Q: 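Structure below; questions to follow.
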Amino acid sequence: MFSVISDHMASFDGQGFMMVDNSWIQTKAIDVGSTTDISPYLSKILEDSVWNGNRSIVFDVYWDVESVNTKSEWRLCSVKFSTKNFCLFLRLPNPFSDNLKDLYRFFASKFVTFVGVQIQEDLALLKENHGIVIRSSLEIGKLAAVARGTPIVEFLGTRELAHKILWYDMSRLDSIQSKWDEASSNDRLEAAAIEGWLIFNVYDQLQQ
């Protein structure tokens with residue numbers, strides 16, 4: 001179980017970004033090595049979700065795909081967690097090291113719900129390829145479709161779903177994504193933070 005920790009133990013000392021409603025998202029990007037202790041940062045995400053986010057954590061996963069003997073093998077290479085105030089981006093080692101047991105336990109937490117967009121295939125790949133089981137998950141598109149009585153929103157991506165529900169200004173996100181190949185690592189982190197913040201707010205809106 002992840003305990004509540006003080007700020008100095010897990011400093012989200014990466015770039016901070018202002019959202020369109022003037023809220024502030026503080027980030028932390030970590031290249032996870034075999035000796036990296038990620039548990040304090042996971043605890044900070046859990047803490048913020050409990051205190052400020054209806055016990056919900058927005059997550060996204062990123063894959064490397066390799067062809068081996070004419071078969072495609074999917075390996076989890078990065079994962080992002082977002083709450084009301086924080087965005088944590090973990091670049092994972094290959095192969096996985098023992099310290100990622102903390103990540104497995106975090107995903108298996110029964111105290112929070114992991115919220116994502118179009119996550120059904122990701123959930124299957126996490127279990128099949130890495131033995132990672134998310135005990136409590138929610139497909140935000142399905143919730144939006146039921147809440148708004150509009151089935152088509154179930155199949156929308158992050159930007160389109162957020163625009164449909166929130167009607168926020170998407171110009172900053174669009175600007176970064178339109179020049180993705182030339183975008184700096186800082187810009188890409190900002191885009192990740194914006195997308196996580198958008199889905200957090202979609203979920204919060206649908207809960208009202």
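From a predicted model like this one, the values you see are computed outputs, not experimental measurements.
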Q: Just jot down the salt bridge (charged side-chain N to carboxylate O under 4.0 Å, His left out) partners of D37, sequence neighbours excluded, or say none.
A: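 Salt bridge (charged side-chain N to carboxylate O under 4.0 Å, His left out) list for D37, sorted by chain: empty.
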
Q: Nearest 0.5 Å please: distance from the CG atom of L46 over to the CZ atom of R55.
A: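 Between L46 CG and R55 CZ, I get 8.0 Å after rounding to 0.5 Å.
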
Q: Indicate, with yes or no, if L76 and V65 share a hydrophobic cluster defined by side-chain heavy-atom contacts under 4.5 Å among Ile, Leu, Val, Met, Phe, Trp and Tyr.
A: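 Yes, V65 and L76 fall within the same hydrophobic cluster.
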
Q: Please say yes or no: joined through hydrophobic side-chain contacts below 4.5 Å, possibly via intermediate residues, are V146 and L166 part of one cluster?
A: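 No, no single cluster joins them.
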
Q: Can you get from I199 to I152 by hopping between Ile, Leu, Val, Met, Phe, Trp and Tyr side chains that sit under 4.5 Å apart?
A: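 Yes; I152 is reachable from I199 via cluster members.
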
Q: With D13, which residues qualify under salt bridge (charged side-chain N to carboxylate O under 4.0 Å, His left out), at least two apart?
A: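 Partners of D13 under the salt bridge (charged side-chain N to carboxylate O under 4.0 Å, His left out) test: K28.
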
Q: Nearest 0.5 Å, what's the CZ-CG distance between F107 and L42?
A: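 It is 9.0 Å, given to the nearest 0.5 Å.
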
Q: Which pairs count as ring pair (Phe, Tyr, Trp, His ring centres under 6.0 Å) when at least one residue sits in residues 133-157, sequence neighbours excluded?
A: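 Ring pair (Phe, Tyr, Trp, His ring centres under 6.0 Å) check on residues 133-157 returns no pairs.
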
Q: Who pairs with A193 by side-chain contact (heavy atoms from CB on, under 4.5 Å), at least two apart in sequence or on another chain?
A: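 A193: side-chain contact (heavy atoms from CB on, under 4.5 Å) contacts with F17, I25, T27, C87.
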
Q: Give a yes or no on whether the ring-centroid distance for F86 and F12 is below 6.0 angstrom.
A: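 That pair passes the under 6.0 Å test.
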
Q: Grab the two heavy atoms, one from V202 and one from A162, that are nearest each other, plus how far apart they are.
A: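 Here V202 and A162 meet closest at CG2-CA, 3.8 Å.
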
Q: Please say yes or no: joined through hydrophobic side-chain contacts below 4.5 Å, possibly via intermediate residues, are I176 and V20 part of one cluster?
A: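 Unlinked, I176 and V20 end up in two clusters.
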
Q: Only pairs at least two apart or in different chains count here, so list each salt bridge (charged side-chain N to carboxylate O under 4.0 Å, His left out) that has a residue in residues 118-127.
A: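 For residues 118-127, and leaving out neighbouring residues, there are no salt bridge (charged side-chain N to carboxylate O under 4.0 Å, His left out) pairs at all.
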
Q: For S34, which residues count as a side-chain contact (heavy atoms from CB on, under 4.5 Å) partner, sequence neighbours excluded?
A: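 By the side-chain contact (heavy atoms from CB on, under 4.5 Å) rule, S34 matches S97.
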
Q: Taking only residues two or more places apart in sequence, or in another chain, which ones meet N22 in a side-chain contact (heavy atoms from CB on, under 4.5 Å)?
A: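 Testing N22 for side-chain contact (heavy atoms from CB on, under 4.5 Å), a comparison that skips the adjacent residues, returns M18.
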
Q: Quick check: closest heavy atoms across L156 and Q118, and the distance to 0.1 Å?
A: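 Looking at all heavy atoms of both residues, the closest pair is O-NE2, 3.4 Å.
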
Q: For F200 versus T83, what's the shortest heavy-atom pair and its separation?
A: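 Looking at all heavy atoms of both residues, the closest pair is CD1-C, 4.0 Å.
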
Q: Taking only residues two or more places apart in sequence, or in another chain, which ones meet Y62 in a side-chain contact (heavy atoms from CB on, under 4.5 Å)?
A: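 Partners of Y62 by the side-chain contact (heavy atoms from CB on, under 4.5 Å) criterion, ordered by chain and then number, come out as D60, C77, S78, K80, F89.
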
Q: Centroid-to-centroid, F114 to F106, below 6.0 Å?
A: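 Judged by ring-centre distance (under 6.0 Å), F114 and F106 do meet the cut-off.
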
Q: Can you see which heavy atom on V153 is nearest to which on A144, and at what distance?
A: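 In this case the closest contact between V153 and A144 is CG2-C, 3.7 Å.
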
Q: Enumerate the residue pairs fulfilling salt bridge (charged side-chain N to carboxylate O under 4.0 Å, His left out) with a member in residues 175-191, sequence neighbours excluded, ordered by first and then second residue.
A: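 Sorted pair list: R172-D187, R172-E190.
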
Q: Are L103 and V133 in one and the same hydrophobic cluster, where Ile, Leu, Val, Met, Phe, Trp and Tyr link if side-chain heavy atoms are under 4.5 Å apart?
A: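 No; tracing contacts between hydrophobic side chains, which count when under 4.5 Å, never links both residues.
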
Q: Of all heavy-atom pairs between V115 and S56, which one has the smallest distance, and what is that distance?
A: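 Minimum heavy-atom separation between V115 and S56: CG2-CB, 4.0 Å.
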
Q: So, does Y41 use its side chain to make a donor-acceptor pair with the main chain of I30 at under 3.5 Å?
A: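 No, Y41 side chain to I30 backbone: no donor-acceptor pair under 3.5 Å.
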
Q: Measure the CG-CG distance between L92 and N99 for me, rounded to the nearest 0.5 Å.
A: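 Going from CG on L92 over to CG on N99, the span is 9.5 Å.
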
Q: Once you round to the nearest 0.5 Å, how far does CD1 of I134 lie from CD1 of I57?
A: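 Result: 10.0 Å between the selected atoms.
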
Q: Sorted by first residue and then second, give each side chain to side chain donor-acceptor pair (under 3.5 Å) pair with at least one member in residues 154-171; sequence neighbours left out.
A: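 Residue pairs passing side chain to side chain donor-acceptor pair (under 3.5 Å), neighbours aside: R159-D174, D169-S171.
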
Q: Which residues pass the side chain to side chain donor-acceptor pair (under 3.5 Å) test with Q177, not counting sequence neighbours?
A: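 So Q177 forms a side chain to side chain donor-acceptor pair (under 3.5 Å) with E195.
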
Q: Would you name the heavy atoms of N201 and W197 that are closest together and state the gap between them?
A: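 Heavy-atom minimum between the residues: ND2-O, 2.8 Å.
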
Q: Please collect all side chain to side chain donor-acceptor pair (under 3.5 Å) contacts where either partner lies in residues 85-96, sequence neighbours excluded, each pair once.
A: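 Found D31-R91, D48-N85.
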
